[in-house]
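Just so we're clear, the structure is a prediction, and the values are computed from it rather than from any experiment. Below, all heavy atoms of this structure are taken into account, side chains as well, without hydrogens, waters or symmetry copies.
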There are 2 protein chains.
Amino acid sequence: MKLLEMTGAPNPRRVRIFLAEKGVEVPLVQVDMRQGEHKTPAFLKKNPSGKIPVLELDDGTCIAESVAICRYFEALHPEPNLFGAPPVEAARIEMTNRQLEFELLASVGTAWRNGPIVAAMAAGRFTQIPEAKTQGEDAARAYYVRLDAELAQQPFVAGERFTVADITALVTVDFATNLVELKPDDELTDLWRWHAEVSARPSADA
Amino acid sequence: MKLLEMTGAPNPRRVRIFLAEKGVEVPLVQVDMRQGEHKTPAFLKKNPSGKIPVLELDDGTCIAESVAICRYFEALHPEPNLFGAPPVEAARIEMTNRQLEFELLASVGTAWRNGPIVAAMAAGRFTQIPEAKTQGEDAARAYYVRLDAELAQQPFVAGERFTVADITALVTVDFATNLVELKPDDELTDLWRWHAEVSARPSADA
């Protein structure tokens, strides 16, 4: 198998960190999104959504979507458990991961998509909307405040232990900080306490 | 346990259909979103995201997010299987379900959020963006064409059998058709063949 991905893009990093936590090595193949490789007919056959990462199995089966890929590896390599084991724990991790994706990562993505770095890529492909950028920024900042309050009550984003939801949150905060000018405020001290801890794990370098 | 939900809203219907497929009955409690009940302090304690549905367990534990709730019931009542069993099948169902959510349901939601029915609710709470409505509509229509092509090759959206991804697709198409003026074109005959079949299942009335 091999993972089609791109260094520097947030979603592939989620899978790389997940694999590092599992101690699993998978060959990485770069897809050059800046050259539009993810929109070529050859790539769209692998993933009609035109997005990375994609896990390509030896029989040619392709699995897109970071969380679908991570769940696949969770099934093959159950330990350390990252998606939860008892049904209630698994449900709360799934809930947290999805809220982070739909409310924080999607908002940061909206700010990114309508922001300056994407402007050149967008030209002729889609119209950037300044007001949507503002809404994305506002929603992300509101979620940071919520996250900070939750991290004052528990060590990790979904509770007492490190899970896939921490990977989503870490990658999102780093993406927002480094590429979208949406760094969480310094006063969110519980968020930054958590960020320092999860960033210190060896997997964060993946 | 009880399910906090609202008749007529798309996401709670996903859970109701899922429960009907499982043959599980859960007491339903209406949350009046038109009166803003989902933004009250009492509700936000149950789900800080201020969204329905929420499954409230007897010990007070609350699980938000439709798919997290469905996974919880899949764990408690494994048959009929709706999330996939072998890891590759489960990964492909998860991929399909997530692509439907992020690329179709989210696009329909953007058109809805920036459309006429929400205008009165939005007043004073957020700014509607006409251009975002257009982008949501265009993205949804493009996804319908993809879905039609996929349904020409396989009976259900994730392959050979009915899964949670069909529930997501059915609820999204019905929401788009009935409330967002985004009915798929009549010429998408494979999509409509599938729609007629899944709509004929008793669970579709849930």
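Contacts of A:Leu57 with chain B are made by side-chain atoms alone, with heavy-atom separations under 4.5 Å and no backbone atom involved. For A:Ala64, the parts lying near chain B are the backbone and the side chain together; criterion is any non-hydrogen pair under 4.5 Å. The part of A:Ile129 that comes within reach of chain B is its side chain, from C-beta onward, which places non-hydrogen atoms under 4.5 angstrom from that chain. Residue A:Glu131 touches chain B through both its backbone and its side chain, counting heavy-atom pairs closer than 4.5 Å. Proximity to chain A (any heavy atom under 4.5 Å) is shown, for B:Ala132, by both the backbone and the side chain. For A:Gln135, the part sitting under 4.5 Å from any heavy atom of chain B is the side chain, from C-beta outward, and nothing else.
Side-chain atoms of A:Arg146 and B:Ser49 include a donor-acceptor pair closer than 3.5 Å. Defined by atom type and a distance below 3.5 Å, a donor-acceptor pair is present between the side-chain atoms of A:Asn47 and B:Gln99.
Residues B:Met95 and A:Arg71 are not in side-chain contact: their nearest non-hydrogen atoms beyond the backbone lie 4.5 Å or more apart. Within the 4.5 Å cutoff, the side chain of A:Glu101 has no heavy atoms near those of the B:Glu101 side chain.
Ranking A:Thr96, A:Val67, A:Leu55 against chain B, the residue ahead of the rest is A:Val67, based on heavy-atom pairs under 4.5 Å. Your options are A:Ala149, A:Ala106, A:Ala91, A:Ser66, and the one with the most heavy-atom pairs under 4.5 Å with chain B is A:Ala91. Counting heavy-atom pairs closer than 4.5 Å to chain B, the top-ranked of the candidates A:Glu150, A:Glu103, A:Arg92 is A:Glu103. Looking only at heavy-atom pairs under 4.5 Å with chain A, the residue among B:Val88, B:Leu76, B:Thr61 that has the most is B:Val88.
The environment of A:Gln154 atom CD is dense: over 12 non-hydrogen atoms of other residues, nucleotides or ligands sit within 6.0 angstrom.
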